[in-house]
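For clarity, every value in this text was computed on a predicted model and none was experimentally measured. If you read the sequence from its start, that first residue is 1, and numbering goes on from there. Numbering of ligands and ligand atoms starts at 1, following listing order.
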Amino acid sequence: MCGIVGYSGGQSAIAPLLEGLRRLEYRGYDSAGIALGTASKLFVEKRAGKLSNLEAELKGSLPSAHSGIGHTRWATHGGPTDKNAHPHLDNEGKLAVIHNGIIENYTQLRAELEHRGHSFSSDTDTESVAHLLSELRKKHGGDLAAAMREAVTLLRGSFTLLAIHADAPQTIVGVRRNSPLVVGIGKGENFMASDVAAFIDYTKRAIELGQDEVVTITPEKVSITDLNGIAVVPKEYEITWDASAAEKGGFNHFMLKEIFEQPKAVADTLLGRLSPSNQIVLDELRLSTEEIKALKKIVLLACGTAYHAGMLAKYAIEKWAKISVEVELASEFRYRDPLIDSSTLVIAISQSGETMDTLMALRHAKAAGARILAVCNTNSSTIPRESDAVLYTHAGPEIAVASTKAFLTQVIAVYVIGLYLAQVRGIMGNDQVKELFNEMSALPSKIEQVLETVEPLRKLTRGFAQSTSVLFLGRHVGFPVALEGALKLKELAYMHAEGFAGGELKHGPIALIEPGTPVIAILPTGHDHGLDEKMLSNIQEVKARGARVIVIADEGVEVTGAEHIIRIPTTPALFQPILATVPLQVFAYEMAVTRGNDVDQPRNLAKSVTVE
Ligand code: AGP
């Protein structure tokens, strides 16, 4: 997820561009850059690091320019370096492009463009678009909008693109596909941005663009067409948010915004992972087939929420790839003399890529000869840099301390790894892989369905606001979900919460149940071991002792003994955690709001724990 801004108008472009980028830094902050449309040529400046690094480079005299584009990056392809920062230019240095999203077919595009004589200077997917647009603009007689319309037909993936050319600097062209782009309409000036936060201080008149719509702005005009060049009637609206709400997309907290971003985060993490021939694409792993077949053990290292993703990985990888998996709390791992050697694949899961416990455990495993694969959401952070390979989740920046979209994408990532290992080891055929991958691809729309129940869920939660403790029960893959639900409640509502395996109740925890104790039970789905019956018995056991029971259950499954039932769409057993976790995130969120806690920055916590 990146922040993009475009301006064309009567004032100096530098102020609206930098202010817009500052408002969009929450969308990405590992590098930033601008291209200004001066009278004679493009002025381009870009720097790795935070926006302040770019601003420091722009101190002093700047050329006069009344148009330009700006970008603040969350790296996906190519680390956060000066050369990989946007904008990206064609070889003549006259066309600049900025991009938010993922160009799935960029390597093939790049090869074709290099074959036609274009030379590349970055590792990004975006630069391919700059060279492609340059070619197509010449083909269309200098018409940048026509070039953009044709370029889009050649691109696969999700993207928002803005482009500017030195020959017509006050004309900025944009397009969006599965990635946001809004237009701001000013007086003698017009704006484009990833979201309205970028220009809300200048205008509250906006136009939301539809899929594959191409927009051209000049100081006096906004024109929109479809890919065939047919004019589209703009749908203008009034922005009712203030600037702070705009940065949160209209939500009161980043956490709720990020809960709602989960469908896209999951979809983006799956993008390009299954080839047309139903092969799982995991080029990052860089292990030969022989090395993969020789693996004897997999060890998952992580902390907190990421550890719960590791627990889910165990169920999937052992079931699909028939290889032994150990899940280790990173903070405990190296103190017990673990049995690690070159036949071990260690998977280190970390949203931030900076968690010291996980980093130290990774170093210990590496020293013992293991191959290290990182699953990470932050490009070029320390953990991926010290790993042999990395699979990036594409959740975009997660601002709230409580991990939500990062968790779901971590689970998706380790499931993709499980399918890949199963396929390479010859355990699973292409058809079965395709079937399971298609089930995962259906999850974003199923998450959307769960999100439609958020408001009733928030209301339900408020009925438990006076509780002093909440217990969570799960079985099989529902057990890590129970642990995750308890962790969310602890870190957000500052209240006691515990997750249990349902079968453990009778071994002690049931003594905790007293009249009024809230118990949230995740009813297992689609099992042939009668686990659902066993969980229904657990529900009866706690209800008989006065518990107030909330059950999360698949649609259509009969449930007895619950005070409330939260329904989730049906999905194969291993994928239920992706859907069952969402109500628990909302429950913890609302409990924190009800208690007046700082939802995005809970007390005593940091987004990245860089000490042991
Ligand atoms: C989860 O909501 C917490 N913020 C915390 O448990 C977190 O998952 C843990 O600190 C690991 O962080 P990482 O994924 O950045 O390594």
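Contact atoms of ligand 1 toward Ser403: 1 (C), 2 (O) (distance under 4.0 Å to a heavy atom of the residue). Close approach of ligand 1 to Val401 (heavy-atom distance below 4.0 Å) involves ligand atoms 2 (O), 4 (N). The Ala402 neighbourhood of ligand 1 comprises atoms 2 (O), with distances under 4.0 Å to a heavy atom of that residue. Applying the 4.0 Å criterion to heavy atoms of Gly304 picks out, from ligand 1, the atoms 6 (O). Near Gln351, meaning under 4.0 Å from one of its heavy atoms, ligand 1 places the atoms 13 (P), 14 (O), 15 (O), 16 (O). Here is the list of ligand 1 atoms found below 4.0 Å of a heavy atom in Ser350: 13 (P), 14 (O), 15 (O), 16 (O). Ligand 1 places these atoms under 4.0 Å from at least one heavy atom of Ala306: 8 (O), 14 (O).
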Take Gln585 and Glu484 through the test side chain to side chain donor-acceptor pair (under 3.5 Å) and record every step on the way to the result.
CA-CA 9 Å; Gln585 296 167 343; Glu484 175 59 14; 5.6 Å; no
Apply side chain to side chain donor-acceptor pair (under 3.5 Å) to residues Lys488 and Thr305 and explain how you reach the verdict.
CA-CA 9 Å; Lys488 283 284 152 310; Thr305 287; 3.1 Å; yes
Verify side chain to side chain donor-acceptor pair (under 3.5 Å) between Thr355 and Asp357, making sure each step is shown before the conclusion.
CA-CA 6 Å; Thr355 299; Asp357 287 324; over 6 Å; no
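Arg548 places no side-chain N or O within 3.5 Å of a backbone atom of Gly516 that could act as its donor or acceptor partner.
Taking atom 10 (O) of ligand 1 as the reference point, the nearest protein heavy-atom neighbour is Val609 CG2, 4.1 Å. Ranking the protein heavy atoms by distance from atom 15 (O) of ligand 1 puts Ser352 OG, 2.7 Å first. What sits closest to atom 12 (O) of ligand 1 on the protein, heavy atoms only, is Thr355 OG1, 3.5 Å.
Atom CD in Glu491 sits 8.0 Å away from atom OG in Ser403 (nearest 0.5 Å).
Residue Glu491 has at least one nitrogen or oxygen atom sitting less than 3.5 Å from a nitrogen or oxygen atom of ligand 1, judged on distance alone. Every N/O-N/O distance between Lys607 and ligand 1 stays at or above 3.5 Å.
Between Asn438 and Ser441, the side chains place no donor N or O within less than 3.5 Å of an acceptor N or O (distance only, hydrogens not considered). Under the 3.5 Å distance criterion, with hydrogens and angles disregarded, no donor-acceptor pair is assigned to the side chains of Glu354 and Thr378.
Cation-pi geometry between Arg458 and Tyr589 is not met: the NZ or CZ atom fails to fall both under 6.0 Å from the ring centre and inside 45° of the normal.
A salt bridge does not link Lys405 to Glu398: none of the charged side-chain nitrogens sits closer than 4.0 Å to a carboxylate oxygen.
When the heavy atoms of Leu359, Leu301, Thr305 are ranked by distance to atom 5 (C) of ligand 1, first place goes to Thr305.
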Enumerate, atom names and distances included, each donor-acceptor pair closer than 3.5 Å involving a side-chain atom of residues 470-480, sequence neighbours excluded.
{"residue": "Arg475", "atom": "NE", "partner": "Asn538", "partner atom": "OD1", "Å": "3.1"}
{"residue": "Arg475", "atom": "NH2", "partner": "Asn538", "partner atom": "OD1", "Å": "3.3"}

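Ligand 1 is approached by Cys303 to a heavy-atom distance shorter than 4.0 Å.
Within the 4.0 Å heavy-atom criterion, the part of Lys488 lying near ligand 1 is the side chain and not the backbone.
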